[in-house]
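The next block holds one structure in the form of structure tokens; read it before the comments.
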Amino acid sequence: MTSSAAAVLIVDDEPGMCWALGHILKRSGIVSVAATSGEEALRLVQRERFHLAFIDAKLPDAEWRELARRIREANPGVPIVLVSGYFYGDDPEVLQAAAAGVISGFLSKPFLHDEVLAIARAALVP
Amino acid sequence: MADRGQARVTAEDGAPKTGRYEKLYAMLLDAMPSSVLLIDAQLRVVSANRNFLEKARRSESDTLGQRIGEVFPPLLVDHMDLERRLRRAFERNEATQGKRMTYRAPGLGTRIYYYNLVPVAWGNTVEHVMLVLEDVTEQLRLGEEARRAERHLASVVESASDLVLSTDVDGRILTWNVAAERLSGYAGDEVRGRLFSEQCALPERGLVSQAFRAVRRGGEFGTAEWDLVTKPGALVPVAWMGSAMKDDLGRVVAIVVVGRDLTERRKFEAQLLQSQKLAALGVLAGGIAHEIRNPLAISSSAAQFLLEDPDDPEFRRECAEKVQAGIQRASVIIENLLRFARPGARTDMEPVDLVPVVRDAAALVANQAGLQQIRMVVDLPSQPVRVDGVTSMLQQVFMNLILNAVNAMPEGGFLRVSVERSGAEAQVRVADTGHGIPAGEMGNIFDPFYTTRPVGQGTGLGLSICYSIVKQHSGAIEVESVEGRGSVFTVRLPLL
């Protein structure tokens, strides 16, 4: 696990979602930073290097595939997990994006805390 | 020819004046468009004019000097009772006028004649009787055609499935066709002389009288929707059109009113409304799923935190609040959906405040708009804007217009929804910065099933339903659009 620097980036325009994901990680001792817009997320990835990013599929100011591409541009190799209530697990769009390497995982809203933690732990293994 | 021969002889004998008159008469007789025969007391033909010879296909030689029974077919002579009539003419100086006969000369078609027997007396003795035959075949045929045309027109009116009626200039019913009898239950005799307005529903009578006064001044009224009161007292929705019937001098002499029963169309529209709602729900589903699953996800997480039994009382309280707020949020969205999806219990007009109706419609679409990076501004007055209407139908109109605007901006944009008062009107405006409507398609957009969306993505019923609903609310719907720049739809409704 990394040091003081934020390990996980959470991008969701819904503050309640950032609250939930942030607390799940924090209670397991994982540091995270939340951004409520695509623009804010891109500013953060320019400044810091993250080990995992949870991104919402429907941000008012950013298209999720494009956001994923730009995050990875700034933080090469960072696993990106799409978190959405708009898609379902085997949604053709999700499968296609995963196959193309745009995202590395999908988390359907609502989710179980254990699912979030499993993803985080897998990504943060040193 | 014998007469004319004589006339010539007479003229040569030095009585030129008399001879000339005789000649003139002979020429006149030949020029006449009627057949003229001169018959003597032995019932023999002594003179026949050219018209007769041509019509009967006879020559002078086999006509002059022949008995009448040899010139005309004996059966016809019997049928006409011609010999008896001729004798009466000779004996009693009695004329026979305007009798009808049918005669068919060999090789020609049947002709119909009116004939007159005119006794020609010298002193007290009738020496000759003139038989004048007038060919009326053409006149009769024309008269028959005119009658047939009249009967045809009458049967067009009577067979029409639309109501066709006429009134005098005061609006009193003169004629009332079968369709009107069928729909109203009133026979023509029962309504003749009654005011048309009295056959309409009570609240509409003022408008009806007003429309009739306009027609009386030479105008017309087009597609006014007034309910017809049937004999059993039921109300039937009918679309009426009225126009003035003018005489040759341009004076209004009557008013013609045509009505179409809207019962079936209303049923069809109700079905369209339902199917359109389903289509709109399909569009909404994506946005709604997202919008409901967010509060569900937050509530779910908060509940999972509580299950972990956290020590911090502040955090526990925060979790409980998140559960409560999330459920509340999801429930409001579902309620809005239900309100939209279920037909309103009331379909009668009642006072409706447009402000909450527009606010609810905008709120339902807001989810979808947000997903498409559309900035939405809803500009509502603080005071109620009341119109006479059906809430669920009006909501459908605004919902459709807003959804259309969202669909016109797949790449995002700006959407402004506003309600305002303007004179005696309420105006609801939906303005987008989407792809707009090509000028050539502006005339089609309110047609049922007209759509610009790919197959499967829209039924094309939205705007036609909006149009129909707004019309039923005595309002108007207008569109201004610039292709590539966006569209503004304005719904105008009479303020209460």
Side-chain angles (χ1 to χ4, degrees), chain A residues 8 10-30 32 34 36-39 54-67 81-89 91-94 106-120, chain B residues 282-312 314-330 333-334 366-377 406 409-415:
Chain A
V8 180
I10 301 163
V11 192
D12 201 308
D13 62 319
E14 168 66 59
M17 286 310 307
C18 297
W19 171 86
L21 284 170
H23 273 285
I24 296 166
L25 296 171
K26 188 178 157 196
R27 289 169 74 79
S28 293
I30 302 168
S32 68
T36 53
S37 70
E39 195 191 336
F54 288 107
I55 65 165
D56 179 29
K58 294 286 181 182
L59 292 166
D61 70 334
E63 199 276 322
W64 61 275
R65 292 179 194 81
E66 176 66 8
L67 181 67
V81 176
L82 185 69
V83 188
S84 177
Y86 185 74
F87 295 117
Y88 46 91
D91 199 305
E93 276 194 65
V94 172
F106 175 76
L107 187 60
S108 174
K109 293 176 186 175
F111 40 74
L112 290 174
H113 293 181
D114 287 344
E115 294 177 87
V116 178
L117 290 171
I119 291 168
Chain B
V283 176
L284 288 174
I288 289 196
H290 173 82
E291 207 56 24
I292 289 180
R293 277 174 144 183
N294 260 343
L296 287 184
I298 297 164
S299 298
S300 163
S301 272
Q304 289 177 69
F305 289 137
L306 286 174
L307 282 172
E308 289 164 15
D309 209 6
D311 296 331
D312 183 357
E314 191 54 43
F315 183 61
R316 287 221 303 258
R317 189 185 161 74
E318 199 183 352
C319 286
E321 279 170 3
K322 294 271 188 211
V323 171
Q324 157 71 16
I327 291 171
Q328 184 63 28
R329 247 177 75 189
I333 292 162
I334 290 166
N367 312 329
Q368 179 69 26
L371 297 184
Q372 285 179 218
Q373 275 102 53
I374 291 166
R375 203 159 83 77
M376 183 157 155
V377 170
V406 166
M409 298 185 283
E411 312 294 322
F414 183 67
L415 171 59

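Throughout, a chain's letter reflects where its sequence line sits, starting with A, and its residues are numbered from 1. What you are looking at is a predicted structure, and each value in this text was computed from that prediction instead of being measured.
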* To do: Taking all heavy atoms of S300(B) and all of P110(A), pick out the closest pair and write down the distance.
  => CB-CB, 3.8 Å
* Looking at D61(A), D13(A), I24(A), which makes the most heavy-atom pairs under 4.5 Å with chain B? -> I24(A)
* To do: For E321(B), look at atom CD and say whether over 12 heavy atoms of other residues, nucleotides or ligands are found less than 6.0 Å away.
  => yes
* Asked: Just wondering, are more than 12 heavy atoms of other shown residues or ligands nearer than 6.0 Å to CG in D311(B)?
  -> no
* Name the region of L21(A), side chain, backbone, both or neither, that has any atom closer than 4.5 Å to a heavy atom of chain B. => neither
* Nearest 0.5 Å please: distance from the CD atom of E63(A) over to the CD atom of Q372(B). => 12.5 Å
* To do: Pick out which of K322(B), R293(B), R329(B) makes a salt bridge (charged side-chain N to carboxylate O under 4.0 Å, His left out) with E14(A).
  => R329(B)
* **Proximal component of F305(B), with respect to chain A [non-hydrogen, under 4.5 Å]** => both
* Asked: Between Q373(B) and A62(A), which heavy-atom pair has the shortest distance, and what is it?
  -> NE2-O, 3.7 Å
* **Choice from S299(B), P295(B), P310(B), G370(B) maximising heavy atom contacts with chain A below 4.5 Å** => P310(B)
* Check whether any side-chain N or O of Q304(B) sits under 3.5 Å from a backbone N or O of F111(A) as a donor-acceptor pair, and report yes or no. => yes
* Who passes salt bridge (charged side-chain N to carboxylate O under 4.0 Å, His left out) against E308(B), sequence neighbours left out? -> R27(A)
* Pairwise distance NE2(H113(A)) to CG(L307(B)) - rounded to 0.5 angstrom -> 9.0 Å
* To do: Can you tell which part of A57(A) gets under 4.5 Å to a heavy atom of chain B, answering side chain, backbone, both or neither?
  => neither
* Rounded distance (nearest 0.5 Å) linking atom CG of N294(B) with atom NZ of K109(A) -> 3.5 Å
